[in-house]
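Throughout, a chain's letter reflects where its sequence line sits, starting with A, and its residues are numbered from 1.
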2 protein chains.
Amino acid sequence: MVYERENLKHDSVGAWAKRLYFASRAVMDSILRPYELGSTQWYVLYRLANEGPTMQRDLVRMLQIERATLSGIVATLVRKGLVDQTPDSVDQRQRMLRITRSGKKLWKELPDPIDLILTTAFDGADPAELAIARRVLQTATQRLNNHILEGNQA
Amino acid sequence: MVYERENLKHDSVGAWAKRLYFASRAVMDSILRPYELGSTQWYVLYRLANEGPTMQRDLVRMLQIERATLSGIVATLVRKGLVDQTPDSVDQRQRMLRITRSGKKLWKELPDPIDLILTTAFDGADPAELAIARRVLQTATQRLNNHILEGNQA
DNA sequence: CCACAGTCGTTCGGTACCTAACAACATATT
DNA sequence: AATATGTTGTTAGGTACCGAACGACTGTGG
């Protein structure tokens, strides 16, 4: 029946994964809004504050976003004076990113939105069920990614 | 240890929910790209093709997006000549949306990306595990949404 | 009947993502 | 050394999301 099929769509694991992602984003955005930071800007600061100076190119791989996307985000952080971007002395194509003094100062004031989200969402949940959910999501993601790869080959 | 905590973050159900969402989006975008349609544009056509004319304001609730967002999407579809937007005769504030002849023609050619995604991602998976995953995601989403509501009250 | 509050759609400015094309630079090949 | 190939970052153009503010309209209380 078409009706059953439709119900399935709206109640599938995939649909709930999307809803959870959007709920998380909403919480994260609301925490970061007072500081005028977007979520990806936060991730970049997070990395630079905790792991030290990083090549922009490595950040692309770590954050799993496109070069073009990161380019704009870095430009914003530089404009705000929170991050410093300089060409690498060895390979002049690459850019070294480094948190500024003023960036460090802001970082100290910032709450950790990820901690809050994980605590709010999953505290007290059954670890066995969490493990199953994780595996289901992981498998599904893998399958979709394989599908994309195959599509590119053909 | 900080290290353990970090691992947790990157391997949490939340992180996998995000990855699954992005993998799904990538598949959906790649299917729809040849037709020059975005995913939300597809949802709007889907609704208008299968359920008939709909008030723009009801679509906001069904698709769970902001009025502002839908406004732009509808404008795009109208510009492409796929959708017709007319003021309601009773309440002149509201807009009635209706698929055009040319929209219907396009719709017939379109594959169903959601079917493909669900099949690729979950076919053959253990229904019991899917049910657990669904429940875990649902509960977490609910908790985060409650947290947002409480935040708004305070 | 008229001012006021609420609803609906739009516009504006901002974030975050994508692809495609490009310039600058680095390295491998001949 | 000169040319071809690959990498890195940027820019341009597009989609999709958000909040805030505004105009047009509706319905209600005084």
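Relative orientation of the B/Trp107 and B/Trp42 rings is tilted, given thresholds of 30° and 60° on the angle between their planes.
Heavy-atom distances to DNA chain C give each of A/Arg93 and B/Asp58 a nearest nucleotide, and the one nearer the 5′ end belongs to B/Asp58.
Atom CG of B/Leu32 is separated from atom P of D/dT15 by 12 Å (rounded to the nearest Å). Residue A/Arg57 contributes atom CZ, which lies 13 Å from atom P of C/dA26 at whole-angstrom precision. One interatomic measurement links the two molecules: CG of B/Asp88 to P of C/dC8, which rounds to 11 Å at whole-angstrom precision. The CD atom of B/Gln92 sits 13 Å away from the P atom of C/dG9 (whole-angstrom rounding). Between the CG atom of B/Leu77 and the P atom of C/dG9 there is a distance of 15 Å, rounded to whole Å. D/dG23 atom P lies 16 Å from atom CZ of B/Arg95, rounded to whole Å. We find that CG of B/Leu59 is positioned 12 Å from P of D/dC17, with the value rounded to whole Å. Rounded to whole Å, the distance from CE on A/Met55 to C1' on C/dA26 is 14 Å.
Ion pairing of A/Glu129 with B/Arg135 is present here, as a side-chain N (NZ or NE/NH1/NH2) and a carboxylate O approach within less than 4.0 Å.
Atom CG of residue B/Asp91 and atom CE of residue B/Met55 lie 7.5 Å apart, to the nearest 0.5 angstrom. Atom NZ of residue B/Lys105 and atom CD1 of residue B/Ile99 lie 12.5 Å apart, to the nearest 0.5 angstrom.
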- Per-nucleotide protein contact string for nucleotides 14-23 of chain C (B base, S sugar-phosphate only, - none; heavy atom under 4.0 Å): -SSBBBB---
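By the side chain to side chain contact (heavy atoms under 4.5 Å, CB included) test, A/Arg79 pairs with A/Thr76, sequence neighbours left out.
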- Message: Set out, in order, the CA-CA distance, both residues' side-chain angles and the distance that settles side-chain hydrogen bond (donor to acceptor under 3.5 Å, both in side chains) for B/Thr141 and A/Arg19, then state yes or no.
- Response: CA-CA 7 Å; B/Thr141 304; A/Arg19 288 185 195 117; over 6 Å; no
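Checking C/dC8, D/dT26, D/dG9 against every side-chain atom of B/Asp91, the shortest atom distance belongs to D/dT26.
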